[in-house]
Amino acid sequence: MALISDLRVLVAECPFYTPVMPGSGKPMSVRMTNFGQLGWVTDKAGYRYQPCHPETGRPWPAIPAQLQELWEKLARYPHPPEACLVNHYTGKARMGLHQDKDEIDFDAPVLSVSLGDTAVFRIGGSSRKDPTRSFKLQSGDVLVMGGPARMNFHGVDRFIPATSTLLSGGGRLNLTLRRVNLPVN
DNA sequence: CAGTGACG
DNA sequence: AGCC
């Protein structure tokens, strides 16, 4: 897969870092980096989108063309993504139920690409108390959260080790393409 | 309070 | 959309 070799090169320029929770500074279990004009970051000060890597200070590299094309095909949204959050799951990494709500444009979908080990994904409704269900997300699966599902709570319970050989070190990579700001035109 | 948390 |  050509995307994987691209990703290796890009991640070398914008290394994964360990994000921490606002206020508490508690480290999250996933490691993160971003591509695109804007990247989602979290630190003691809060959640936000910013143009540069919090540790290197360099701008995030561009979103790979292959991912841009995937957005064009599947997002059904007439403007390009501005951000690609890259989450790396290793060991006991998980992601609790949350909403993606730090964007301004809620009309654009969030498009997620799973790579590497299979994830046990969980999704509920737009209210925290809505019932949830879980299903597996395999390497190569693309999930579009758009329309009424845009604000659904979702997370990753765990990943299942050794279910893919795509990533040399094992683990799971999740790429989420997002639009952040409202389009100007 | 917490919390992209634990639990579902 | 939030609301333990």
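Note on naming: letters A, B, ... go to the chains in the order of the sequence lines (proteins, then strands), and numbering restarts at 1 for each one. Below, each value reflects all heavy atoms present in this structure, side chains not excepted, and no hydrogens, waters or symmetry copies.
A ring pair (Phe, Tyr, Trp, His ring centres under 6.0 Å) check over residues 123-176 of chain A, counting only residues at least two apart or in different chains, returns the pairs A:His98-A:His154, A:Phe121-A:Phe135.
For A:Lys26 and B:dC1, the NZ to C1' distance is 13 Å, given to the nearest whole Å. Rounded to an integer number of Å, the gap from CD1 of A:Ile123 to P of B:dC7 is 21 Å. Per the geometry, CG belonging to A:Asp157 stands 10 Å off P belonging to B:dC7, to the nearest Å.
Salt bridge absent: A:Asp102 and A:Arg48 never bring a charged side-chain N and a carboxylate O closer than 4.0 Å. The pair A:Glu13-A:Arg8 does not meet the salt-bridge criterion, since no charged nitrogen lies less than 4.0 angstrom from a carboxylate oxygen.
Among the heavy atoms of the strands, none lies under 4.0 Å from A:Pro19.
Only at 4.0 angstrom or more do the heavy atoms of residues 35-44 of chain A sit from any atom of DNA chain C, so none qualifies.
Close to B:dC7, at under 4.0 Å from its OP1 or OP2, lies no side-chain N or O of A:Arg122.
Side-chain atoms of A:Glu82 and A:Tyr49 include no donor-acceptor pair closer than 3.5 Å. Remark: the A:Arg94 side chain and the A:Ser29 side chain contain no N/O donor-acceptor pair separated by less than 3.5 Å.
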Please tabulate the protein-to-nucleotide N/O contacts below 3.5 Å involving nucleotides 1-3 of chain C, giving atom names and distances.
unit_1: C:dG2; atom_1: OP1; unit_2: A:Ser126; atom_2: O; d: 2.4

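Contact of the A:Leu7 side chain with the A:Leu173 side chain is registered, since non-hydrogen atoms from C-beta on lie closer than 4.5 Å.
Ring geometry for A:His53 against A:Trp60 counts as tilted: the plane angle lies between 30° and 60°, on a 0 to 90° scale.
With a 6.0 Å cutoff to the six-membered ring centre and a 45° limit on the axis angle, A:Arg172 counts as a cation-pi contact of A:Tyr89.
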